[in-house]
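For reference, the structure is listed below as structure tokens.
Since this is a predicted model, take the numbers as computed values, not measurements.
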Amino acid sequence: AEIRLVMRDESAKIDLNVANDVLIKGLLLSAGQDEEQANQILDAILDWRDPDDLIRPQGAERDRYEATGLTYIPANAPFQTVDELQRVIGITPDLYRKLAGAITVFSRLPGINSTLAPRQVLLALPNVTEADVDAYLAQREEMLAAEQVPLPFPQAAGFESGAASQVYNLRSIAKASDGTQFVREAVAKLAQDPKRPFSFLLWQEGRP
């Protein structure tokens, strides 16, 4: 079988629990939501993770979930996994697929590390264009190829975390000769203990 492994620091992504609201809204807009839709989903996300039953202006708490006929209500607690986002009102399967690769619950950072962030995350920043992002990504690749440390994305100022999280997402994709794919996804956190240099925070079958 052909096996491909991709590893990325979680600081490259937008943390659902602590990220600046502007980043979450920007990600929704870049995924094709209009201004009103983005505001509604953002408020629903914030209502899901906050500890109270107070409804934000365009949000959703227990009453709306029950009125919609759903068999669950908001957790009123931080997201435990990225997959949990699928339960938030307004998150369709198609929208979730567009967001999943850009979000995390493990970085615990309000901002992002732009020197590692994928294109989708950089497009979530306010007042950036696709041309800005593509030019930066090309420059970043050139610096990496020259074994230089990439410079931060200028438009990320104010949203730059400035540090790696020491938490890594590892995605392994095995493809058999008949085209069958098997995906395993894990999240590992580095530690200072030489007897246990890392621990797993997540280990699951992934999506092809």
Side-chain angles (χ1 to χ4, degrees), residues 2-35 37-38 41-42 45 82 85 91-175 179 181 183-190 202 206-208:
E2 174 187 314
I3 300 177
R4 180 169 179 255
L5 176 66
V6 179
M7 181 173 72
R8 190 187 297 275
D9 191 302
E10 290 288 89
S11 67
K13 302 177 184 178
I14 296 171
D15 194 300
L16 275 176
N17 291 320
V18 298
N20 187 303
D21 294 355
V22 174
L23 283 177
I24 299 177
K25 180 179 177 180
L27 183 62
L28 293 167
L29 292 170
S30 70
Q33 304 301 292
D34 61 31
E35 186 78 16
Q37 291 171 328
I41 297 173
L42 173 62
I45 290 172
V82 166
L85 179 63
I91 301 293
T92 64
D94 180 60
L95 177 57
Y96 176 75
R97 283 192 293 271
K98 294 177 180 178
L99 302 176
I103 54 179
T104 181
V105 295
F106 297 113
S107 79
R108 310 293 168 85
L109 296 170
I112 59 168
N113 185 335
S114 68
T115 65
L116 302 172
R119 184 175 189 271
Q120 184 182 12
V121 169
L122 296 177
L123 286 172
L125 293 162
N127 304 316
V128 301
T129 66
E130 291 190 5
D132 293 333
V133 171
D134 291 340
Y136 170 73
L137 291 175
Q139 178 194 56
R140 190 171 76 180
E141 288 301 313
E142 290 176 0
M143 296 187 73
L144 287 170
E147 298 185 354
Q148 299 175 344
V149 177
L151 297 172
F153 185 38
Q155 286 89 332
F159 299 93
E160 188 72 54
S161 67
S165 67
Q166 300 301 300
V167 180
Y168 293 86
N169 178 283
L170 301 102
R171 182 175 171 84
S172 176
I173 306 169
K175 185 176 181 180
Q181 291 190 66
V183 182
R184 181 69 71 188
E185 189 167 0
V187 175
K189 182 177 183 179
L190 301 185
L202 178 72
R207 296 171 297 276

Working for side-chain contact (heavy atoms from CB on, under 4.5 Å), residues Leu137 and Leu122:
CA-CA 10 Å; Leu137 291 175; Leu122 296 177; 3.8 Å; yes
Picking from Met7, Glu10, Arg8, what satisfies side chain to side chain contact (heavy atoms under 4.5 Å, CB included) with Tyr168?
Met7
Mark yes when over 12 heavy atoms from residues, nucleotides or ligands other than Asn127 sit less than 6.0 Å from its CG; otherwise mark no.
no
For atom CD of Glu2, decide whether the heavy atoms of other residues, nucleotides or ligands shown that lie under 6.0 angstrom number more than 12.
no
Could you tell me which non-hydrogen atom of [X] sits nearest to which non-hydrogen atom of [Y], and how far apart they are?
X: Ile103; Y: Lys13; value: O-CD, 3.5 Å
X: Gln37; Y: Gly32; value: OE1-O, 4.4 Å
X: Ala124; Y: Ile14; value: CB-CD1, 3.9 Å
X: Ile3; Y: Ser172; value: CG2-OG, 3.8 Å
X: Leu125; Y: Phe153; value: CD1-CD2, 3.6 Å
X: Gly111; Y: Leu23; value: CA-CD1, 4.2 Å

Nearest 0.5 angstrom please: [X] [atom1] to [Y] [atom2], how far?
X: Tyr96; Y: Leu85; atom1: OH; atom2: CG; result: 7.0 Å
X: Leu16; Y: Ile24; atom1: CG; atom2: CD1; result: 6.0 Å
X: Glu160; Y: Ile112; atom1: CD; atom2: CD1; result: 6.5 Å
X: Ile45; Y: Leu42; atom1: CD1; atom2: CG; result: 6.5 Å

Sidechain-backbone polar pair: [X] side chain, [Y] backbone, donor-acceptor under 3.5 Å:
X: Arg140; Y: Ser114; result: yes
X: Asp15; Y: Arg108; result: yes
X: Gln181; Y: Ile173; result: no
X: Tyr136; Y: Leu151; result: yes

Scan for salt bridge (Lys or Arg N to Asp or Glu O under 4.0 Å) pairs involving residues 110-125, sequence neighbours excluded, and state none if there are none.
Arg119-Glu130, Arg119-Asp134
Hey, are the side chains of Asn113 and Asp9 touching, using non-hydrogen atoms and a 4.5 Å cut-off?
no
Is there a side-chain contact (heavy atoms from CB on, under 4.5 Å) between Val187 and Thr104 once you walk through the steps?
CA-CA 10 Å; Val187 175; Thr104 181; over 6 Å; no
Run Leu99 and Leu27 through side-chain contact (heavy atoms from CB on, under 4.5 Å) and show every step you take.
CA-CA 7 Å; Leu99 302 176; Leu27 183 62; 3.7 Å; yes
Kindly indicate, with the supporting measurements, whether the criterion side-chain contact (heavy atoms from CB on, under 4.5 Å) is fulfilled by Glu35 and Lys25.
CA-CA 9 Å; Glu35 186 78 16; Lys25 180 179 177 180; 2.4 Å; yes
